[in-house]
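Fair warning: this is a prediction, and the values are worked out from it, not measured in the lab.
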Amino acid sequence: MEPARFEAIVVGKRFHGYATELLVEAPNAAGAVPGQFMHIKCDGRDGVIMRRPYSVFDAAENTISFLVKDVGRGSAWLSARKTGDILDLMGPLGRGFAVGDGQRSILVAGGTGIAPLHFLAGCMKERGLCAFLLWGMEGGDEYGELPNIIADRFDLRLSSMDGKRGIRGSAVDLLEACREEGCTALYACGPRPMLLSLTDRARDMGFTLFQVSLEERMACGVGACRGCVIPCSTPTGGYLSACRDGPVFDEGEVDWRRIRESISA
């Protein structure tokens with residue numbers, strides 16, 4: 001089935017330290033679920049040709065928002081959009097998180113990995129589910145007042161490598177410092193080194209559901225170009241497309257040994 005492509009108007013903009021939250025009127029994306037992403041066309045000039053994937057940060061009846069951190073030409077162009085500008089979107093795309101009834105969950109985010117987990121936390125709250133949101137960042141000042149805004153909605157715990165917010169350390173250190181009794185599900189999104197460390201430490205914590213959202217560069221968004229493949233555990237030596245088969249995977253679907261080797265190579 002061809003993914004929906006449509007134009008959406010920017011209806012709001014919020015600044016959070018080094019990140020920008022863009023609010024977009026997008027009724028076509030009303031059915032988005034946590035973990036899915038929108039593929040956004042970022043101005044084709046100056047070599048910015050491929051679309052950029054952005055997880056849905058929040059969603060209302062006819063509005064969705066994205067958290068954009070300026071790290072390259074595409075994100076710089078997107079973060080500079082103004083109210084009234086039109087964006088070319090595809091989506092929602094990909095596989096989202098699976099949520100069970102009655103579960104108590106821990107959500108672990110690293111950096112901009114907060115985006116899909118913030119959306120997930122909101123959906124869990126609407127369903128009356130218990131969720132603890134853990135967010136680790138490099139610098140405590142990176143996201144301005146956004147941590148305080150999120151803390152007003154959810155049970156949020158923080159860490160930063162410089163110690164300016166929450167405990168000093170990583171998101172994985174935060175998980176070990178904030179263990180909660182009776183939690184059966186673990187959800188995570190962040191850079192690969194964080195996910196590797198989290199996987200190593202979380203396997204013995206007794207979670208019956210452990211899902212990760214992998215941050216990958218995605219060109220086509222539909223699994224055709226095979227540019228965002230990740231090594232999978234079955235079949236041995238095989239690969240899955242992050243955009244089509246993910247970006248959310250059960251932890252056991254991923255061949256973490258090969259991911260570790262690719263990082264250290």
Side-chain angles (χ1 to χ4, degrees), residues 2-30 32 34-60 62-94 109-119 135 137-139 141-147 149-150 189-192 213-228 241-244 246-247:
E2 189 74 16
R5 177 180 174 182
F6 58 96
E7 291 187 338
I9 186 170
V10 177
V11 295
K13 190 173 183 179
R14 300 169 183 150
F15 298 99
H16 304 299
Y18 299 122
T20 301
E21 183 185 355
L22 284 181
L23 287 79
V24 178
E25 188 176 60
N28 302 57
Q36 286 188 306
F37 67 95
M38 303 297 296
H39 224 25
I40 306 177
K41 184 177 181 181
C42 297
D43 188 51
R45 293 171 292 180
D46 300 323
V48 183
I49 300 173
M50 298 297 181
R51 291 175 180 268
R52 300 295 196 266
Y54 279 91
S55 297
V56 178
F57 177 72
D58 208 354
N62 293 311
T63 306
I64 57 175
S65 68
F66 310 102
L67 192 62
V68 183
K69 195 172 182 182
D70 187 349
V71 294
R73 286 178 292 181
S75 55
W77 180 89
L78 188 58
S79 63
R81 296 310 91 202
K82 301 175 182 177
T83 300
D85 285 349
I86 302 295
L87 297 179
D88 184 323
L89 305 182
M90 280 176 54
L93 300 172
T112 53
I114 188 64
L117 296 182
H118 175 268
F119 187 17
W135 186 12
M137 57 195 76
E138 283 293 324
D141 298 330
E142 274 188 292
Y143 296 93
E145 291 302 306
L146 184 58
I149 295 171
I150 294 177
C189 182
R192 282 190 172 189
S213 177
L214 294 177
E215 299 176 336
E216 301 293 320
R217 293 181 180 273
M218 300 175 187
C220 71
V222 294
C225 71
R226 302 290 286 173
C228 64
S241 295
C243 64
R244 182 190 62 201

*Given side chains that start at C-beta, do those of Arg217 and Met50 come closer than 4.5 Å, heavy atoms only?*
no
*Testing Ile40, Thr20, Val68 for side chain to side chain contact (heavy atoms under 4.5 Å, CB included) with Ser75, which one passes?*
Val68
*Is there a side-chain contact (heavy atoms from CB on, under 4.5 Å) between Leu67 and Leu146 once you walk through the steps?*
CA-CA 11 Å; Leu67 192 62; Leu146 184 58; 4.1 Å; yes
*In sequence, state the C-alpha distance, the side-chain angles, and the governing distance for Arg226 and Ser241, and then conclude on side-chain contact (heavy atoms from CB on, under 4.5 Å).*
CA-CA 6 Å; Arg226 302 290 286 173; Ser241 295; 2.8 Å; yes
*Nearest-0.5 Å distance, OG of residue Ser55 to NE2 of residue His118*: 13.0 Å
*Spacing of Ile114 atom CD1 and Cys189 atom SG [to the nearest 0.5 Å]*: 9.5 Å
*Measure the spacing between OH of Tyr18 and CD of Glu142 and express it to the nearest 0.5 Å.*
7.5 Å
*Flag the pair Pro53 / Met38 as yes when at least one side-chain heavy-atom distance between them is below 4.5 Å, and no otherwise.*
no
*Is the shortest heavy-atom distance from the side chain of His39 to the side chain of Cys243 under 4.5 Å?*
no
*Compare every heavy atom of Phe119 with every heavy atom of Ala32, then report the nearest pair and how far apart it is.*
O-CZ, 3.7 Å
*Between His16 and Ile149, does a side-chain contact (heavy atoms from CB on, under 4.5 Å) hold up when you go through it step by step?*
CA-CA 10 Å; His16 304 299; Ile149 295 171; 4.0 Å; yes
*asked:* What verdict does the salt bridge (Lys or Arg N to Asp or Glu O under 4.0 Å) test give for Glu7 and Lys41, after you've listed the backbone C-alpha separation in whole Å, the side-chain angles of each residue and the deciding distance to 0.1 Å?
replied: CA-CA 10 Å; Glu7 291 187 338; Lys41 184 177 181 181; over 6 Å; no
*Compare every heavy atom of Gly94 with every heavy atom of Gln36, then report the nearest pair and how far apart it is.*
NE2-O, 3.0 Å
*Mind listing the closest non-hydrogen atom pair of Ala8 and Ala26 along with its distance?*
CB-CB, 4.2 Å
*Take Arg81 and Leu87 through the test side-chain contact (heavy atoms from CB on, under 4.5 Å) and record every step on the way to the result.*
CA-CA 9 Å; Arg81 296 310 91 202; Leu87 297 179; 3.8 Å; yes
*To the nearest 0.5 Å, how far apart are CG in Leu22 and OG1 in Thr83?*
8.5 Å
_Counting C-beta onward and ignoring hydrogens, is there a side-chain heavy-atom pair between Asp88 and Arg5 closer than 4.5 Å?_
yes
_Nearest non-hydrogen partners of Lys13 and Ala80, listed with the distance_ = NZ-C, 3.6 Å
_Looking at every heavy atom in both Phe6 and Gly91, which two are closest together, and how far apart are they?_
CE2-O, 3.7 Å
*Shortest non-hydrogen contact from Phe66 toward Val24*: CE1-CG2, 3.9 Å
*Could you tell me how the ring of Tyr143 sits relative to the ring of Trp135: parallel (under 30°), tilted (30 to 60°) or perpendicular (over 60°)?*
tilted
*About how many Å separate OG of Ser213 and CG of Leu117, when rounded to the nearest 0.5 Å?*
7.5 Å
_So, taking the atom named CD in Glu21 and the one named CZ in Phe15, what distance separates them when rounded to the nearest 0.5 Å?_
11.5 Å
*How about Ser65 and Arg14: do any of their side-chain heavy atoms sit closer than 4.5 Å?*
no
*Would you check if Thr112 and Glu215 make a side-chain contact, meaning some heavy-atom pair closer than 4.5 Å?*
yes
